[in-house]
Visitor: 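Dropping a structure here in C-alpha cells format, bear with me for questions.
A quick note: this is a predicted structure, and the numbers were derived from the prediction, not measured.
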Amino acid sequence: MLEKCTLCPHNCKINREQGKIGRCKSTNKIKIANYSIYNYEEPCISGKNGSGAVFFSNCNLNCKFCQNYEISQLGKGKEIEVKKLAEIFLELQSKKAENINLVTPTTYVPQIIEALKLAKEEGLTIPIVYNTNSYENIETLKMLEGYIDIYIPDLKYASNKLGEELSNVTKYFDIARKSIKEMQRQVGKTVINNKGIMEKGLIIRHLVLPNHILNSKLVLKWIKENLSKDTYISIMAQYFPTYKAKEDKKINRKLNNQEWNEIVKYIDKLELKNGYIQELGEHEEEYVPNWDF
C-alpha cells in the first residue's frame with residue numbers, strides 16, 4: 001500500500017517505500033513523538049488508570065491553530081519498527097492502561113495493523129482507540145474493521161470552505177461526515193463497563209473556535225440529526241492561539257464568555273446527551289513530548 005499511497009483523501013499516490021514524501025510527510029517508517037499513560041482524555045477513556053497513548057508524528061492536515069504543531073507539522077519524533085510498536089502496546093497494557101490510544105494514526109494504518117496483529121498474538125486484550133481528525137478515506141477505515149473498538153473523530157468544521165481556510169484541505173466536511181458514519185457502522189452501539197470505561201463506541205470531539213460560533217452550531221446540529229442517540233460528544237473550550245493562528249485576526253484570541261455560553265445553551269436546546277462539556281478556562285495540561293523515550 002505504501003508503494004502507491006492512497007491512505008488518506010489527498011491520494012498522493014507516491015512511493016513511500018522508495019523514500020518519496022507526500023502531503024503528510026510520512027515515510028515507510030513509523031514515527032512517534034512519545035508514548036505514555038495519559039490522564040487527560042475524556043473520563044470514559046482515561047478512567048482511573050489512564051489511557052495508553054501513542055502520539056504519532058506528522059499529519060494530513062495543516063491546521064493554523066495546531067497545539068502540537070512540533071509533532072504534526074514539523075515532524076519531530078523518532079522512527080521505530082513495527083515490532084517495537086507492538087512491544088509498546090504490550091508495555092502500556094502491562095502498566096494497567098485502560099486502552100491503547102492511537103493519536104493521529106491515519107498515515108501509518110498498514111504498519112499499525114501489523115503491530116496490532118503481533119501484539120494480539122502476545123496477549124494484547126485491552127480496547128483499541130483510533131483518535132483522528134476525521135479526514136479519512138473510507139477504504140482505509142474499512143481496513144481497520146475488527147481492530148478498532150473506539151473511534152474518537154475530531155469534527156472540526158461543518159464547512160468545506162473553513163477546512164480550506166484553516167486546515168488547507170479540500171472537501172473536509174464532505175469527507176469527514178462520511179468517515180464518521182463509517183466509524184459508527186463499525187463499532188455499533190456504545191458499551192460502557194461497570195467502571196464507567198468505554199469498551200466500544202464513538203466519541204465526537206469538537207473544538208470551539210473564536211469568531212466561528214455558527215460553525216460549532218452546525219457541527220452540533222449535524223451530530224444531532226445524523227448519528228445515533230448513544231453517540232458521545234466532547235465539546236472543548238481549550239482553544240488558545242498558537243502556531244500560525246497568532247497571525248490570523250479571526251482566531252488570534254481565546255474564546256470569550258459570550259461565545260461559550262451561546263454554545264452551551266445550544267447544546268441544551270438540541271438536548272444532546274452523553275456529553276462532556278468543558279468549563280471556559282479549563283485547559284488540559286499541555287502535552288510536552290519526551291524525545292528521549
Visitor: May I ask whether Ile128 and Val187 are part of the same hydrophobic cluster, defined by side-chain heavy atoms of I, L, V, M, F, W, Y residues being less than 4.5 angstrom apart, directly or through others?
Guide: yes
Visitor: Drop me the distance from Leu272's CG to Ile267's CD1, to the nearest 0.5 angstrom.
Guide: 7.0 Å
Visitor: Is any side-chain heavy atom of Phe55 closer than 4.5 Å to a side-chain heavy atom of Ser36?
Guide: yes
Visitor: Where is the tightest heavy-atom contact between Ala86 and Ala115, given as atom of each residue plus distance?
Guide: CB-O, 3.4 Å
Visitor: Using a 4.5 Å cut-off on heavy atoms from C-beta on, say whether the side chain of Ile180 contacts that of Asn226.
Guide: no
Visitor: For the residue pair Leu220 and His206, establish whether any side-chain heavy-atom pair is separated by less than 4.5 Å.
Guide: no
Visitor: Is there a donor in the side chain of Glu42 and an acceptor in the side chain of Ser234, or the other way round, less than 3.5 Å apart?
Guide: yes
Visitor: Any pair with a residue in residues 2-14 that passes side-chain hydrogen bond (donor to acceptor under 3.5 Å, both in side chains), sequence neighbours left out, goes on the list, sorted by first then second residue, please.
Guide: Asn11-Asn137
Visitor: Report yes or no: do Ile126 and Ile148 belong to one cluster of Ile/Leu/Val/Met/Phe/Trp/Tyr joined by side chain heavy-atom distances under 4.5 Å?
Guide: yes
Visitor: Consider side-chain contact (heavy atoms from CB on, under 4.5 Å). Of Leu61, Asn68, Asn62, Asn58, which one does Gln73 pass it with?
Guide: Asn62
Visitor: Salt bridge or not for Lys117 and Glu114, using N-O below 4.0 Å?
Guide: yes
Visitor: Examine distances only and state if a side-chain atom of Ser46 and a backbone atom of Ser51 form a donor-acceptor pair shorter than 3.5 Å.
Guide: no
Visitor: To the nearest 0.5 Å, what is the distance between NZ on Lys181 and OG on Ser228?
Guide: 11.5 Å
Visitor: Are the side chain of Asn60 and the backbone of Tyr135 linked by a donor-acceptor contact shorter than 3.5 Å?
Guide: yes
Visitor: Would you check if there is a donor-acceptor pair between the side chains of Tyr151 and Glu136 at a distance under 3.5 Å?
Guide: no
Visitor: Using a strict cut-off of less than 4.0 Å between a Lys/Arg side-chain nitrogen and an Asp/Glu carboxylate oxygen, indicate whether Glu81 and Lys29 qualify as a salt bridge.
Guide: yes
Visitor: Kindly say whether Gly75 contributes a backbone atom to a donor-acceptor pair with the side chain of Lys31 at under 3.5 angstrom?
Guide: yes
Visitor: Are Ile277 and Ile263 side-chain neighbours, meaning at least one heavy-atom pair lies under 4.5 Å?
Guide: no
Visitor: Decide, yes or no, whether a salt bridge links Glu182 with Lys178 under the criterion of side-chain N to carboxylate O below 4.0 Å.
Guide: no
Visitor: Are Leu255 and Tyr266 connected in a single hydrophobic cluster, I mean Ile/Leu/Val/Met/Phe/Trp/Tyr linked by side-chain heavy atoms less than 4.5 Å apart?
Guide: yes
Visitor: Let me check something: do Leu207 and Leu166 share a hydrophobic cluster, defined by ILVMFWY side-chain heavy atoms less than 4.5 Å apart, either directly or through other members?
Guide: yes
Visitor: Decide yes or no for Leu85 and Phe56: does some side-chain heavy atom of the first lie under 4.5 Å from some side-chain heavy atom of the second?
Guide: yes
Visitor: Quick check against the 3.5 Å criterion: does Glu122 have a side-chain atom that pairs as donor or acceptor with the backbone of Leu90?
Guide: no
Visitor: To the nearest 0.5 Å, how far apart are CG in Leu218 and CD1 in Ile213?
Guide: 11.5 Å
Visitor: Is the backbone of Asn211 close enough, under 3.5 Å, to the side chain of Glu259 for a donor and an acceptor to pair up by distance?
Guide: yes
Visitor: With distance as the sole criterion, is a donor-acceptor pair present between the side chains of Ser167 and Tyr157 under 3.5 Å?
Guide: yes
Visitor: Can Ser26 and Tyr108 be counted as having a side-chain donor-acceptor contact under 3.5 angstrom?
Guide: yes
Visitor: Does Lys161 pair with Glu165 as a salt bridge, N-O distance under 4.0 Å?
Guide: no
Visitor: I want to check something: taking the side chain as every heavy atom from C-beta on, are Phe89 and Lys120 in contact at a cut-off of under 4.5 Å?
Guide: no
Visitor: Would you say Val54 and Leu92 make side-chain contact, with heavy atoms under 4.5 Å?
Guide: yes
